[in-house]
Protein chains: 2
Amino acid sequence: MRRTKADAEKTRENILATAEQLFLRNGVAHTSLEQVARASGVTRGAVYWHFQNKSHLLDEMLNQVRPRREQLAERLNAPTAGHPLQNLRDLFVELMAGLAGNEQKRNLLTILLLRCEFTDELSDARERHTDFINHFIALSEEQFERGRARLRPGISPRLAARLLHATLIGMLSDRLRDPGLFDTLAEAPAMIDTLFSGLLVDWQIAEQRASA
Amino acid sequence: MRRTKADAEKTRENILATAEQLFLRNGVAHTSLEQVARASGVTRGAVYWHFQNKSHLLDEMLNQVRPRREQLAERLNAPTAGHPLQNLRDLFVELMAGLAGNEQKRNLLTILLLRCEFTDELSDARERHTDFINHFIALSEEQFERGRARLRPGISPRLAARLLHATLIGMLSDRLRDPGLFDTLAEAPAMIDTLFSGLLVDWQIAEQRASA
DNA sequence: TGTTTTACATACCGATTCGCTTGTAAACAA
DNA sequence: TTGTTTACAAGCGAATCGGTATGTAAAACA
């Protein structure tokens, strides 16, 4: 009872979705491909047919939502863009909002940050992750460089960029570990504006804050 | 050839130190007690004699450096303490400095943040960790509450506390993933002061910053 | 001095683990 | 209609896992 091409694609996507749930619940290392197969209603044969091994499976899961490198740069340097710093701020809020509104993104980031051991076995995923982070920091640094005049004295663009990234990661990390901790969507703007107020001498808080 | 009590204690500590290295290098789940035993020059018998299982082994590793709950509170509310906010700021810098100067603390935090899947198996460690985080946030919130008048309008003590914690975790996370990313010890004060400048209306930067 | 306890090593257990090979029925191409 | 390929299922094998049970020599104690 061999499946048609379309059926095979469904099988593949089903395996991905199932693995996502299992990885999220039990951790990557603690999930065997046998478990993935069973939960997907297939055997390991199917899993190994579609994916080389667990590492590649995870990698393709992440590829589903991983923003392409250029995407961030395009977004920041678009011709329609306003001030670089305002741009950077908006991107930050967008990233948080995108996460709040997309369960899959939330799941995958949770897996990356909390349910996954960055060991040699997963070196591919690990490298790409670090790479993306450094790219993000470099891009942010560029933006701060352009708005250098507005930086408080003693704060270099690089330091600003790293502080921005640390805050981003920290907020994500906290929020993913304890989803009830705060309302990301509502509070993210206040947090980023607060940070920018510290980084810049003349930051105007554009958005209305929830004052509680 | 049974060992003396002192020898046994050495064995135990040796196992702990060896496991720390293996966990750090290969991740907790990817390290078997067999590997720990071999690398320690003993057999699994010894490991199981000293520790119930891997989870308890990890737990006792963390207990070596885990600050006690009261410790933070005492530190913040000491009679000799100055202004609550200055206190909080100094604590932050101290925590970062303690990490920069203590390899074991760095290792264990790296294991916790990057080499460990928070799954049911390790629920003990996980709970204690979350507990500690919430405690830290609550304490920070208290301090901000005391200095509430100095908070920028629209920023609640709770939001300030969470932003502070996010920044702390983010800085640690970044630094542990990529040790060359920045010089924690040197830049931590600048980062925290920047954040405080954003949180407070009148924050005076006390320390000299490395301006580069 | 004799007995008990300690600090392990050794051995065994059933349960998984991954990776590979082989089987197979049906889809698809010629 | 007849190969050929596809999309898996099923089975194999060696390794390894954690947990436990048992053996043992020497330390600790009475």
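Below, chain A is the first sequence line, B the second, and so on; all start at residue 1.
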(Q) Looking only at the side chains, is there a donor atom on one of H56(B) and D59(B) sitting less than 3.5 Å from an acceptor on the other? (A) no

Q: Tell me which of L33(B) and K5(B) sits closer to the 5' end of DNA chain D, going by the nucleotide each one is nearest to.
A: L33(B)

Q) Of all the nucleotides listed (dC8(D), dG19(D), dA7(C)), which has the minimum atom distance to the side chain of R3(A)? A) dC8(D)

Q: Round to the nearest Å and state the distance from K10(A) atom NZ to dC8(D) atom C1'.
A: 16 Å

Q) Looking at dC8(C), dG19(D), dG18(D), which one has an atom nearest to any side-chain atom of N53(B)? A) dG19(D)

Q.
Nearest whole Å is fine: how far is dG23(D) P from Y48(B) OH?
A. 21 Å

Q: Check whether any side-chain N or O of H50(B) sits under 4.0 Å from OP1 or OP2 of dA7(C), and answer yes or no.
A: no

Q) Looking at the side chain of T11(A), which of dC8(D), dA7(C), dG18(D) is the nearest nucleotide? A) dC8(D)

Q | Distance, rounded to the nearest Å, where K54(A) contributes NZ and dT16(C) contributes P | A | 15 Å

(Q) Less than 4.0 angstrom from a charged side-chain N to a carboxylate O is my criterion; do R12(B) and E60(B) meet it? (A) yes

Q: Find the distance N14(B):CG to dA7(C):C1' and express it as a whole number of Å.
A: 15 Å

Q) What does Q52(A) touch in the nucleic acid at a heavy-atom separation under 4.0 angstrom: a base, only the sugar-phosphate, or nothing? A) nothing

Q) Do L16(A) and E20(A) touch side chain to side chain, with heavy atoms closer than 4.5 Å? A) no

Q | Among dC12(D), dT17(C), dC17(D), the nucleotide that comes nearest once only the side chain of R44(A) is considered | A | dC12(D)

(Q) Strictly below 4.0 Å: does Q35(A) bring a side-chain N or O up to OP1 or OP2 of dT16(C)? (A) no

Q | Sugar-phosphate, base or nothing in reach of T4(A), heavy atoms under 4.0 Å | A | sugar-phosphate

Q) Side chain of T43(B): nearest nucleotide among dC12(D), dT10(C), dC8(C)? A) dT10(C)

Q | Nearest-nucleotide comparison on DNA chain C, the residue closer to the 5′ end among S32(A) and G45(A) | A | S32(A)

Q: Identify which nucleotide among dG19(D), dC28(C), dA9(C) has an atom closest to any side-chain atom of A46(B), counting heavy atoms from C-beta outward.
A: dA9(C)

Q: Give the minimum heavy-atom separation between V42(A) and T11(A), together with the two atoms involved.
A: CG1-CG2, 4.2 Å

Q: Describe the nucleic acid contact of D7(A) in one word from base, sugar-phosphate, nothing, applying a heavy-atom distance below 4.0 Å.
A: nothing

**Q.** Nearest-angstrom distance from the residue atom CZ of F51(A) to P of dC8(D)
**A.** 11 Å

Q) Which listed nucleotide (dC18(C), dC8(D), dG19(D)) is nearest to the side chain of W49(A)? A) dC8(D)

Q. How far does NE2 of H129(A) sit from CG of L62(A), to the nearest 0.5 angstrom?
A. 9.0 Å

Q | Whole angstrom value for the distance that separates P of dT17(C) from CD of E34(B) | A | 19 Å

Q) Side chains of V28(A) and E117(A): does their closest heavy-atom pair fall under 4.5 Å? A) no

Q) Quick one: L57(B) CG to dG19(D) P, roughly how many Å, whole number? A) 12 Å

